[in-house]
Amino acid sequence: MIRALEFVMRNPLLQGVRCHLLRAGQVDDTAKWYLEEAAARLRQVGYPVVTHAIAGPPEAVLADVIGREGIQLMVMGAYGHSPIRTFLLGSTTTNMVRTCDIPILMFR
């Protein structure tokens, strides 16, 4: 997430664009703290930011927020899991690429 955040902060094409930061899946106090820290960094360089911390399956939560808020570009970190786990269960990243109707900019 840090690489994605830094890219957005430095990219002149995205400057001033309203950002929605979203934490989906398991949401606890630590997750909310990281979300607010990222939002504060973006606000310091002039981005209007809305945060969302929503428990639930990431693919469903992301699809809901994207549709409801009219989001037109998703920037996300692609975190790897073991090949066996990914083969058996799939990955959030793969599911988002397969089902998302907007462009996705991924960082590893």
**Student:** Taking salt bridge (charged side-chain N to carboxylate O under 4.0 Å, His left out) as the cut-off, I'd like each qualifying pair that reaches into residues 68-78, sequence neighbours left out, listed once.
**Tutor:** Asp64-Arg68

**Student:** Closest heavy-atom contact between Val27 and Ala55?
**Tutor:** CG2-N, 3.7 Å

**Student:** Which heavy atom in Pro48 sits nearest to a heavy atom in Val17, and how many Å separate them?
**Tutor:** CD-O, 3.8 Å

**Student:** Filter on salt bridge (charged side-chain N to carboxylate O under 4.0 Å, His left out), then keep only pairs touching residues 24-35, sequence neighbours left out; what's left?
**Tutor:** none

**Student:** Hey, which of Val65, Ile102, Leu22 is the one that makes side chain to side chain contact (heavy atoms under 4.5 Å, CB included) with Met74?
**Tutor:** Ile102

**Student:** Going by heavy atoms in the side chains, are Leu105 and Phe107 under 4.5 Å from each other?
**Tutor:** yes

**Student:** Shortest non-hydrogen contact from Val75 to Ala4?
**Tutor:** CG1-CB, 3.6 Å

**Student:** For residues Thr51 and Glu36, determine if any side-chain heavy atom of one lies less than 4.5 Å from a side-chain heavy atom of the other.
**Tutor:** yes

**Student:** Does a side-chain heavy-atom distance below 4.5 Å link Trp33 with Glu37?
**Tutor:** yes

**Student:** What pairs meet the salt bridge (charged side-chain N to carboxylate O under 4.0 Å, His left out) rule with one or both residues in residues 15-27, with sequence neighbours excluded?
**Tutor:** none

**Student:** What closest approach, in Å, do Pro58 and Ala24 show between heavy atoms, and which atom pair accounts for it?
**Tutor:** CA-CB, 3.8 Å

**Student:** According to a 4.5 Å side-chain heavy-atom criterion applied to Ile, Leu, Val, Met, Phe, Trp and Tyr, with indirect links allowed, do Met9 and Leu21 form part of one hydrophobic cluster?
**Tutor:** yes

**Student:** For a quick test of your reading: what N or O donor-acceptor pairs under 3.5 Å do the side chains of residues 39-46 make, sequence neighbours left out?
**Tutor:**
from  : atom 1 : to    : atom 2 : distance (Å)
Arg43 : NH2    : Val49 : O      : 3.1

**Student:** In sequence, state the C-alpha distance, the side-chain angles, and the governing distance for Leu14 and Leu73, and then conclude on side chain to side chain contact (heavy atoms under 4.5 Å, CB included).
**Tutor:** CA-CA 10 Å; Leu14 299 174; Leu73 172 69; 4.2 Å; yes

**Student:** Who are the salt bridge (Lys or Arg N to Asp or Glu O under 4.0 Å) partners of Arg10, not counting sequence neighbours?
**Tutor:** none

**Student:** Sorted by first residue and then second, give each salt bridge (charged side-chain N to carboxylate O under 4.0 Å, His left out) pair with at least one member in residues 45-57; sequence neighbours left out.
**Tutor:** none

**Student:** Once you round to the nearest 0.5 Å, how far does NE2 of His52 lie from CG of Leu35?
**Tutor:** 9.0 Å

**Student:** So, for Cys19 and Tyr47, which heavy atoms are closest and what is the spacing to 0.1 Å?
**Tutor:** SG-CD2, 3.6 Å

